[in-house]
Protein chains: 2
Amino acid sequence: MTSRDLTEPAYRALAATLRARIAEGRYRGGVRLPTESELSEEFGLSRQTVRRAFQDLVAEGAVYRVPGRGTFATEGSGRYLRQLGSIEDLMNLSADTTMEVVSPPRRQVDLDAAGRLRLDTDLVYRMAFRRYHDGTPFVLTTVWWPEAVARLVMDSPDVAAGASSTHTMIGLLEPHLRRPIVEAAQSITVASADAEVAAQLDCPVGHSMLRVDRLYSDADGSVVELAVSHFLPEHYTYRVTLRRSGN
Amino acid sequence: MTSRDLTEPAYRALAATLRARIAEGRYRGGVRLPTESELSEEFGLSRQTVRRAFQDLVAEGAVYRVPGRGTFATEGSGRYLRQLGSIEDLMNLSADTTMEVVSPPRRQVDLDAAGRLRLDTDLVYRMAFRRYHDGTPFVLTTVWWPEAVARLVMDSPDVAAGASSTHTMIGLLEPHLRRPIVEAAQSITVASADAEVAAQLDCPVGHSMLRVDRLYSDADGSVVELAVSHFLPEHYTYRVTLRRSGN
DNA sequence: CGTTATTTGTGCGTATGTATT
DNA sequence: AAATACATACGCACAAATAAC
């Protein structure tokens, strides 16, 4: 059982409070946040604990700090612009799109896929699905799993031929895994539509596509899934927002 | 003057040392890192300072820690696969490539660029450069600046026509800014080579290119630079590694 | 099964340095 | 020059999770 913390640490509670105040717009327009001593006073915490809270907020990119001047909210961090570029976003990507299974999971031998999954066997499971937006298919995704992973979802109705859902495969998969997924390595390039892609997305063979490969790994470094997507560039642009990390 | 730190803080030095040891493979295969007390002993630092170093490493995803068990290197983070996906990486991207200025900064009216920079005037500064790898140009980048930003680097020898350097424009720019750059919004799509791109990269007009647009913003949310790059897909793949965020 | 040692997590105190106003 | 505010560094005490006995 993953027992949830019943009592939140003081520094986290403070960070949450400050996050809320920032989102509320209280420090918009270059207004300085309270100083460490002020917060220490207000919440009855030591200055060290206040600092610990700020460390998290700085790491998230919610605030930035300047010695001698003070602490300021990062403009546009609280509002509607949601924090992209995290794995969470990748896994929830599908809110406004529908997924349709084109080819259900099937056991097969694929040397290339097995190699990329870093398996010692050549045996992998492969499935493919299309994603729709506004009624038109704009991406064909093929995923490969190691056998152990495939077993976890093979029987799910979500992967049956013709099934539709609004989730991502990796989102469906994760709850069944023993270790959480912590990393997604993506590579993005240009590729031509092959016969299958062309047929499924109704475009000419040889059409230029945006190709995105994703390799999901868990905390132990084991690769959990390989996904290769071909996007119609007319209907899709890949977006990421990178934030300054830590310190 | 932006004075560079002459003496690195102890916790950063320690973090760097540990990063190096991890990269070297010393803690591969589930081997526990030294405990806080051991490191405190080894480096003559307090346990608190050691903890501070670990906070950074955890935030980067280089290690994960388990109470009662110890600290472990995140498998696959150290080796040849370099950690991309932070703004820092974007700004230091160029270690192994050379940049050559093709068209020096010039004041001009550009409605589209001005709009994307969120300016109220139509006046922007534009420059363009190529980047080489192994002697062949593989990307043409055009950047647009607001006037205030352009002033900061106009006179730098690095942006003169024909100049070569191994930096990134945004890396050259940042030390001159009042507020740090904290966000880079990227969008990636497929585009055809126009006459200029084709000429500079020696490819046919109409060739399929990987197009990457980047919009850099500072902590106040002001846009500092717009950069549009056209990559030859034969010589370049865009890679990002996304990590599960924080805590 | 509880006990104990180990290891990380939380919280606070102090002192001193550095950057900004 | 002085006051303010954040940064670094060390110290201590106790809590919580884990593993070994």
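Chain naming here is simple, since letters A, B, ... match the order of the sequence lines and numbering starts at 1 in each. Computed from a predicted model, the values in this text were never measured in an experiment.
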Measure [atom1]/[X] against [atom2]/[N] and give the value in whole Å, please.
| X | N | atom1 | atom2 | answer |
| --- | --- | --- | --- | --- |
| B:Phe54 | C:dG9 | CZ | P | 9 Å |
| B:Leu39 | C:dT6 | CG | C1' | 15 Å |
| B:Arg52 | D:dG11 | CZ | C1' | 18 Å |
| A:Gln55 | D:dA9 | CD | P | 12 Å |
| A:Arg47 | D:dA9 | CZ | C1' | 12 Å |
| A:Glu41 | D:dA5 | CD | C1' | 16 Å |
| B:Leu57 | C:dG9 | CG | P | 13 Å |
| B:Tyr64 | C:dG9 | OH | C1' | 18 Å |

Sort out for me which residue in [options] forms a side-chain contact (heavy atoms from CB on, under 4.5 Å) with [X].
| X | options | result |
| --- | --- | --- |
| A:Val228 | A:Leu215, A:Thr141, A:Asp213 | A:Asp213 |
| B:Leu18 | B:Leu57, B:Asp56, B:Thr71 | B:Leu57 |
| B:Trp145 | B:Leu173, B:Val124, B:Leu117 | B:Leu173 |

message = Tell me which nucleotide, if any, is Watson-Crick or G-U wobble paired with C:dT7 when both distances must be under 3.5 Å.
response =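 Partner of C:dT7: D:dA16.
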ask   = Are any non-hydrogen side-chain atoms of A:Val159 and A:Met169 less than 4.5 angstrom apart?
value =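 A side-chain contact under 4.5 Å exists here.
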query = Are B:Arg107 and B:Glu147 within salt-bridge range, i.e. N to O under 4.0 Å?
reply =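 A salt bridge is present here (some side-chain N lies under 4.0 Å from a carboxylate O).
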Can you identify which nucleotide, out of [options], has its nearest atom closest to the [X] side chain?
| X | options | answer |
| --- | --- | --- |
| A:Glu36 | D:dA7, D:dC10, C:dC12 | D:dA7 |
| B:Leu45 | D:dC10, C:dT8, C:dC12 | D:dC10 |
| B:Arg65 | C:dC12, C:dG9, D:dA9 | C:dG9 |
| A:Ser46 | C:dC12, D:dA5, D:dA9 | C:dC12 |
| A:Arg69 | C:dA15, C:dT21, C:dG9 | C:dT21 |
| A:Arg32 | D:dA9, D:dA5, C:dT8 | D:dA5 |
| A:Gln48 | D:dA17, C:dG13, D:dC10 | C:dG13 |
| B:Thr71 | D:dC6, C:dT8, C:dG13 | C:dT8 |
| A:Val66 | D:dA9, C:dT20, C:dC12 | C:dT20 |
| A:Pro67 | C:dG9, D:dA7, D:dT8 | D:dA7 |

Under 4.0 angstrom between A:Thr49 side-chain N/O and C:dC12 OP1 or OP2 =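 A:Thr49 to C:dC12 OP1/OP2: side-chain N or O found under 4.0 Å.
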task = Look at the side-chain N and O atoms of B:Tyr11 and state whether any lies under 4.0 Å from the OP1 or OP2 oxygen of D:dA9.
result =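 No, because none of the side-chain N or O atoms of B:Tyr11 sits under 4.0 Å from OP1 or OP2 of D:dA9.
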key: Whether over 12 other heavy atoms sit under 6.0 Å from A:Glu41 CD   =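 It does not: A:Glu41 CD has 12 such atoms or fewer within range.
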query = Is B:Ser37 touching bases, backbone alone, or none of the nucleic acid, heavy atoms closer than 4.0 Å?
reply =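 Here B:Ser37 touches no strand at all.
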